[in-house]
Novice: 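I'd like to ask some things about the structure below.
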Amino acid sequence: MQSKDLLQLTEQFGSPLYVYDAEKIKSQYNRLTKAFSKVEKLRINYAMKALSNVAILQLLKEMGSGLDTVSIQEVLLGLHAGYDPEKIFYTPNGVSLEEIEEVNAMGVQINIDNLSILEQFGTKHPNVPVCIRINPHVMAGGNTNISVGHIDSKFGISIHQLPHLVRIVENTKMNIVGIHMHTGSDILDIEVFLYAAEILFDAAKNFKNLEFLDFGSGFKVPYKKDDIETDIEELGKKLSKRFNAFCTEYGKELTLIFEPGKFLVSEAGQFLVKVNVIKQTTSTVFAGIDSGFNHLIRPMLYGSQHHIENISNPKGKERFYSVVGYICETDTFANNRRIPEIKEGDILSFRNAGAYCYSMASNYNSRYKPAEVLWMNGQGHLIRAHETFEDLLKNQIPLPLAEKV
Ligand SMILES: *Cc1c(COP(=O)(O)O)cnc(C)c1O
């Protein structure tokens, strides 16, 4: 997408604005399937919590993707977008037995991540095909916020509890069809991932009716210049070989599943904002934009560094800026960042705004959530209108006017 297209979109749809490039989503999807082309049965389930707009779900469905969901509401959105229930996986954490039963009744593959629910579910529904989420306790990535495989994590059934797990399965005679792991966002080191995979293969040998192994996700994409990204091609080569060998050993062609979110949509997204004010203080130059952590919280929540471009003045002389939001709260997007000279009214673009950006947006400060546009075949399609005052009032119940407060 070119700057002139992006500028035109902000004129047409206003700012702030989320824009997603369909081609980039497609090329990432194809890159992943190609890397694993040696695996006979491969399945990609898009982790929709990254970006859950129905149009994005439809786009991925057209490419052949399944869905990975973490709540019954995500399941409903997936069904609404036209996915067959068999194409939907449900990998919740800490949800009630009732919700799991409800999702199972919709024909969706459930994935259980604790022994208590496993025992209860297995006792009540021994014939339902169930997947088990294992925690291999592997530290992937550096940030404890996003490493879910380590020992203190709330995710998955600890690999050290395997004997208890196997006992529950034997006692209830439940039908285990899949083993799953998701070690966390941001796999930097393929060897770490392969190590975790070995733990999964070992665990899998305890179950005789498996149909698939689900390796979750955590593929890292570059956020800023010189960032390392997961070498998908290398991972594809090594894991495919190992997976195929395991299938031979197991005596059955299993399906290999991945459930990427960030990898598929992160780089496809840009968040376009307008600069409201340039404020020079004794120590810094602030560029204050018409957005805040109500629209994009990753920098404040995870310390993520989204690359920022000044698309109104891309060739301008670079100067140092702190880019901040308009929320009454510290909401710093970038500190002392070198950006081509910014004037009030310029449009800035945050890159990597496809994953965990809009889907984490809120109405804090009673601001509206922005619109979303899908860029496809050289055209911008509005896929979500920006909110209006009615949206803020929706579901609010004022006191009757006559009542004295
Ligand atoms: C969030 C999540 C994913 C996707 O993770 P990414 O880092 O966005 O690829 C996959 N599987 C499960 C179970 C998740 O919770």
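Hydrogens, waters and symmetry mates play no part in the numbers below; they use all other heavy atoms, side chains included. Just so you know, ligand 1 is whichever comes first in the structure, and atom 1 is the first atom listed for that ligand. This is a predicted model, so every value here is computed, not measured.
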Novice: Provide the number and element of each atom of ligand 1 under 4.0 Å from a heavy atom of Tyr356.
Specialist: 1 (C), 4 (C), 5 (O), 6 (P), 8 (O)
Novice: Ala47 heavy atoms, cut-off 4.0 Å: which ligand 1 atoms fall inside?
Specialist: 3 (C), 4 (C), 10 (C)
Novice: Would you mind checking if Arg351 and Glu309 are paired as a salt bridge, meaning a charged N to carboxylate O distance below 4.0 Å?
Specialist: yes
Novice: Does NE2 belonging to His381 count more than 12 external heavy atoms closer than 6.0 Å?
Specialist: yes
Novice: Measure Asp68 to ligand 1 on non-hydrogen atoms and call it side chain, backbone, both or neither using the 4.0 Å cut-off.
Specialist: side chain
Novice: If I apply the N/O under 3.5 Å rule, does Lys49 come out as touching ligand 1?
Specialist: yes
Novice: If the contact criterion is a heavy-atom separation under 4.0 Å, does Pro260 count as touching ligand 1?
Specialist: yes
Novice: Under 4.0 Å between a side-chain nitrogen and a carboxylate oxygen: does that hold for Lys224 and Asp227?
Specialist: yes
Novice: Take every heavy atom of Phe155, measure it against each atom of ligand 1, and state whether any distance is under 4.0 Å.
Specialist: no
Novice: Give a yes or no on whether a salt bridge exists between Glu341 and Lys317, defined as a side-chain N under 4.0 angstrom from a carboxylate O.
Specialist: no
Novice: Does Glu229 pair with Arg31 as a salt bridge, N-O distance under 4.0 Å?
Specialist: yes
Novice: At under 4.0 Å between heavy atoms, which part of Phe219 makes contact with ligand 1: side chain, backbone, both or neither?
Specialist: neither
Novice: Is any side-chain heavy atom of Tyr90 closer than 4.5 Å to one of Ile100?
Specialist: yes
Novice: Checking the N or O distance criterion of under 3.5 Å, is ligand 1 in contact with Arg133?
Specialist: no
Novice: Taking the side chain as everything from C-beta on, heavy atoms only, tell me whether His182 gets closer than 4.5 Å to Thr91.
Specialist: no
Novice: Lys262 heavy atoms, cut-off 4.0 Å: which ligand 1 atoms fall inside?
Specialist: 6 (P), 8 (O), 9 (O)
Novice: Check this for me - ligand 1, Gly261, N or O atoms closer than 3.5 angstrom, yes or no?
Specialist: yes
Novice: Backbone, side chain, both or neither: what part of Ala50 comes under 4.0 angstrom of ligand 1, heavy atoms only?
Specialist: neither
Novice: Are more than 12 heavy atoms, taken from residues, nucleotides or ligands other than Glu234, located less than 6.0 Å from that residue's CD atom?
Specialist: yes
Novice: For ligand 1, which is the ligand I care about here, please tell me if Thr91 has any N or O atom under 3.5 Å from one of the ligand's N or O atoms.
Specialist: no
Novice: Take atom CZ in Arg167; do more than 12 heavy atoms of anything else shown fall under 6.0 Å from it?
Specialist: no
Novice: Counting only heavy atoms, which portion of His182 has something under 4.0 Å from ligand 1: side chain, backbone, both, or neither?
Specialist: side chain
